[in-house]
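Source: prediction; values computed, not measured. When a ligand or atom number is given, it counts from 1 through the structure's own listing order.
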Amino acid sequence: MNTAVIVAGGKGTRMNMGINKLYLDIKGKAILARTLDVFFASHSIDEVILVIGQGDEENFKEKVLNDINICKPFKLVTGGKERQDSVYNGISNMSKDSDIVVIHDGARPFITKNLVEESINQAKIYGAVTLGVPAKDTIKIVGEDRFIINTPDRSSLWLTQTPQTFATHIIVQAYEFCRSNGIMATDDAMLVEKTGYRVKMIEGSYDNIKITTPDDMILAELLLESGRIKDV
Ligand SMILES: Nc1ccn([C@@H]2O[C@H](COP(=O)(O)OP(=O)(O)OP(=O)(O)O)[C@@H](O)[C@H]2O)c(=O)n1
Ligand SMILES: C[C@](O)(CO)[C@H](O)COP(=O)(O)O
């Protein structure tokens, strides 16, 4: 069976709105409700585990619960200090029958059912996959003194997104290995790489933005108004 772990346990500090950004509305619906809609509607997902921050229980009840259709097994789990801790709490609660885990940021509401399904199909082949998009800008490695150290070849640079999807035994092994060796990472693919597995990059979508700063709220509204984002 296929489990979705949606991480929503951050604080939204960079949004600077005094509330976790995932409970902000975009065009009348909370960001987190929009993300959950995709996974509840996706036929390739059998159970959903939502990881929320300690203290966000009321926000979840008030701003999300009434707007989602919980039509499959669902668990609410408390997150941890770092994203990695929240994912760990999520995967620790998945069903014993789970063989594929789809890990997704609550902050990426414009993921599509097709991309979720594609990531599962590819994970069944490769064991570990992440969505991403080719970098469009030239990227510089910059030192603390703000001088450029070097300019990597753009043709091999991709911007990493979620979902990141894994065979359950691989992600469980990666989390155990990295936790016991004190390895930290900003995404799950990196933990799997550090454990010695190869991770396949599959093409995501430039619309699959991570809502992080106030500019992203404007962009999100424009994307919805444009009609590019279809209702699930
Ligand atoms: N301890 C944490 C930190 C992050 N996340 C989740 O991981 C995703 C990506 O993180 P990010 O966008 O950086 O969110 P925040 O950590 O909330 O943002 P900030 O760094 O601005 O505080 C988000 O859905 C966020 O809720 C989480 O579940 N637990
Ligand atoms: C997992 C992720 O969304 C891939 O781009 C990203 O690494 C999360 O990073 P953040 O530091 O939690 O924003």
Side-chain angles (χ1 to χ4, degrees), residues 3-24 26 30-39 48-57 59-60 63-64 75-94 101-111 115-116 119 128-137 139 157-166 171 174-175 178-179 183-194 199-217 219-220:
T3 301
V5 172
I6 312 297
V7 283
K11 297 219 179 313
T13 323
R14 287 170 284 179
M15 187 61 74
N16 202 19
M17 291 290 282
I19 180 175
N20 179 349
K21 63 190 178 185
L22 299 184
Y23 301 101
L24 296 174
I26 317 175
I31 293 169
L32 182 56
R34 290 184 178 278
T35 305
L36 287 167
D37 279 349
V38 178
F39 288 85
V48 175
I49 297 178
L50 173 64
V51 186
I52 64 169
Q54 198 162 26
D56 268 341
E57 297 79 4
N59 284 330
F60 177 72
K63 300 177 194 297
V64 174
K75 271 188 213 158
L76 199 56
V77 170
T78 304
K81 186 165 177 286
E82 305 295 338
R83 181 185 183 283
Q84 194 171 323
D85 303 315
S86 294
V87 173
Y88 181 75
N89 292 357
I91 62 175
S92 303
N93 277 279
M94 67 196 163
V101 189
V102 181
I103 301 171
H104 187 66
D105 292 332
R108 292 186 190 270
F110 300 145
I111 187 58
L115 283 172
V116 170
S119 76
V129 303
T130 179
L131 256 60
V133 284
K136 291 184 189 177
D137 296 328
I139 295 181
L157 293 175
W158 288 61
L159 307 181
T160 315
Q161 303 180 340
T162 65
Q164 299 189 343
T165 304
F166 307 97
I171 193 69
Y175 264 86
C178 292
R179 280 172 78 85
I183 297 170
M184 299 297 290
T186 49
D187 74 344
D188 308 295
M190 188 172 157
L191 298 179
V192 170
E193 292 158 45
K194 296 268 183 206
V199 181
K200 182 85 171 173
M201 176 65 78
I202 58 176
E203 189 137 6
S205 159
Y206 289 100
D207 292 345
N208 183 24
I209 58 170
K210 182 162 76 66
I211 298 183
T212 308
T213 57
D215 319 25
D216 297 322
M217 292 296 282
L219 180 57

Exercise. Taking the non-hydrogen atoms of Glu82, is any one of them nearer than 4.0 angstrom to ligand 2?
Worked result: no

For this session: Return yes or no for this condition: an N or O of Ile211 is under 3.5 Å from an N or O of ligand 1.
Result: no

Exercise. Once you round to the nearest 0.5 Å, how far does CG of Leu131 lie from NZ of Lys200?
Worked result: 13.0 Å

For this session: Report the part of Leu159 (side chain from C-beta onward, or backbone N, CA, C, O) that has a heavy atom under 4.0 Å from ligand 2; answer both or neither where that applies.
Result: neither

Exercise. Which protein non-hydrogen atom lies closest to atom 9 (C) of ligand 1, naming both residue and atom, and how far is it?
Worked result: Asp105 OD1, 3.6 Å

For this session: Heavy-atom distances under 4.0 Å are what count here, so tell me which part of Lys210 touches ligand 1: side chain, backbone, both or neither.
Result: side chain

For this session: Return the residue, atom name and 0.1 Å-rounded distance of the protein heavy atom closest to atom 28 (O) of ligand 1.
Result: Gly9 N, 2.7 Å

Problem set entry | Atoms of ligand 1, numbered as shown, that sit under 4.0 Å from any heavy atom of Thr13 | 19 (P), 21 (O), 22 (O)

Exercise. What residue and heavy atom of the protein are closest to atom 12 (O) of ligand 2, and at what distance?
Worked result: Arg83 CD, 4.0 Å

Exercise. Which atom pair, heavy atoms only, marks the closest approach of Val129 to Ser119?
Worked result: CG2-O, 3.5 Å

Exercise. Which protein non-hydrogen atom lies closest to atom 11 (O) of ligand 2, naming both residue and atom, and how far is it?
Worked result: Arg14 NH2, 4.0 Å

Seminar exercise, completed: atom 13 (O) of ligand 2: closest protein heavy atom, distance to 0.1 Å, is Lys210 NZ, 2.6 Å

For this session: Quick one: pull up CD1 in Ile211 and CZ in Phe110 and give me the separation to the nearest 0.5 Å.
Result: 5.0 Å

Exercise. Mind checking whether Asn20 has an N or O less than 3.5 Å away from an N or O of ligand 1?
Worked result: no

Seminar exercise, completed: Per side-chain contact (heavy atoms from CB on, under 4.5 Å), Asp105 is matched among Asp187, Ile111, Thr162 by Thr162

Seminar exercise, completed: atom 4 (C) of ligand 2 has as its nearest protein heavy atom Thr160 O, 3.4 Å

For this session: State if Lys21 counts as touching ligand 1 under the rule of any non-hydrogen atom under 4.0 Å.
Result: yes

Problem set entry | Where ligand 1 meets Lys81 - atom numbers and elements under 4.0 angstrom, heavy-atom basis | 1 (N)

Exercise. Relative to the heavy atoms of Arg108, which atoms of ligand 2 are at a distance of less than 4.0 Å?
Worked result: 2 (C), 3 (O), 4 (C), 5 (O)

Exercise. Taking the side chain from Asp56 and the backbone from Asn59, do they hold a donor-acceptor pair closer than 3.5 Å?
Worked result: no

Exercise. How far apart are the closest heavy atoms of Leu50 and Ala8, and which atoms are they?
Worked result: CD1-CB, 4.0 Å

Problem set entry | Side-chain donor/acceptor of Gln161 to backbone N/O of Val133, under 3.5 Å | no

Exercise. Does Asn20 reach the main-chain N or O of Gly9 with its side chain, forming a donor-acceptor pair under 3.5 Å?
Worked result: no

Exercise. Which protein non-hydrogen atom lies closest to atom 13 (O) of ligand 1, naming both residue and atom, and how far is it?
Worked result: Arg14 NH2, 2.7 Å

Problem set entry | Candidate with minimal heavy-atom separation from atom 9 (O) of ligand 2, of Asn208, Thr186, Thr162 | Thr186

Problem set entry | ligand 2 contacted by Gln164 (non-hydrogen, < 4.0 Å) | no

Problem set entry | Nearest neighbour in protein (non-hydrogen) for atom 15 (P) of ligand 1 | Gly12 N, 3.7 Å

Exercise. Rounded to the nearest 0.5 Å, how far apart are OG1 of Thr78 and CD of Glu57?
Worked result: 6.0 Å

Exercise. Are any of the heavy atoms in Leu22 under 4.0 Å away from ligand 1?
Worked result: yes

For this session: Determine yes or no for a side-chain-to-main-chain donor-acceptor pair under 3.5 angstrom, with Thr213 supplying the side chain and Met15 the backbone.
Result: no

For this session: Using a cut-off of 6.0 Å, state whether more than 12 heavy atoms not belonging to Lys210 lie near its atom NZ.
Result: yes

Seminar exercise, completed: Partner of His104 under side-chain contact (heavy atoms from CB on, under 4.5 Å), picked from Val5, Val7, Ile6, is Ile6

Exercise. Which of these passes side-chain contact (heavy atoms from CB on, under 4.5 Å) with Leu191: Met184, Gln84, Arg179?
Worked result: Gln84

For this session: Do me a favour and list the nearest non-hydrogen protein atom to atom 16 (O) of ligand 1 with residue, atom name and distance?
Result: Gly10 CA, 3.9 Å

Exercise. Where do Ala4 and Phe39 come nearest, in terms of heavy atoms and distance?
Worked result: CB-CD2, 3.6 Å

Problem set entry | For Asp187, atoms of ligand 2 separated by under 4.0 Å from a heavy atom | 1 (C), 7 (O)

For this session: Rounded to the nearest 0.5 Å, what's the gap from CD1 on Ile52 to CG on Leu76? Could you check?
Result: 4.5 Å

Seminar exercise, completed: Closest to atom 6 (C) of ligand 1 among protein heavy atoms sits Val7 O, 3.7 Å

Problem set entry | Identity of the nearest option to atom 3 (O) of ligand 2, non-hydrogen atoms only, from Val87, Asp105, Leu131 | Asp105

For this session: Compute the shortest N/O to N/O distance between Met15 and ligand 1 and return yes if it is under 3.5 Å, no if not.
Result: no

Exercise. Is the closest heavy atom of Gly79 to ligand 1 under 4.0 Å?
Worked result: no

Exercise. Counting distance only, does the side-chain N/O of Asp216 pair as donor-acceptor with the main-chain N or O of Thr212 below 3.5 Å?
Worked result: yes

Exercise. Between Glu82 and ligand 1, which residue portion shows a heavy-atom distance shorter than 4.0 Å: side chain, backbone, both, or neither?
Worked result: backbone

For this session: Record the part of Ser86 in heavy-atom contact with ligand 1 below 4.0 Å; permitted values are side chain, backbone, both and neither.
Result: side chain

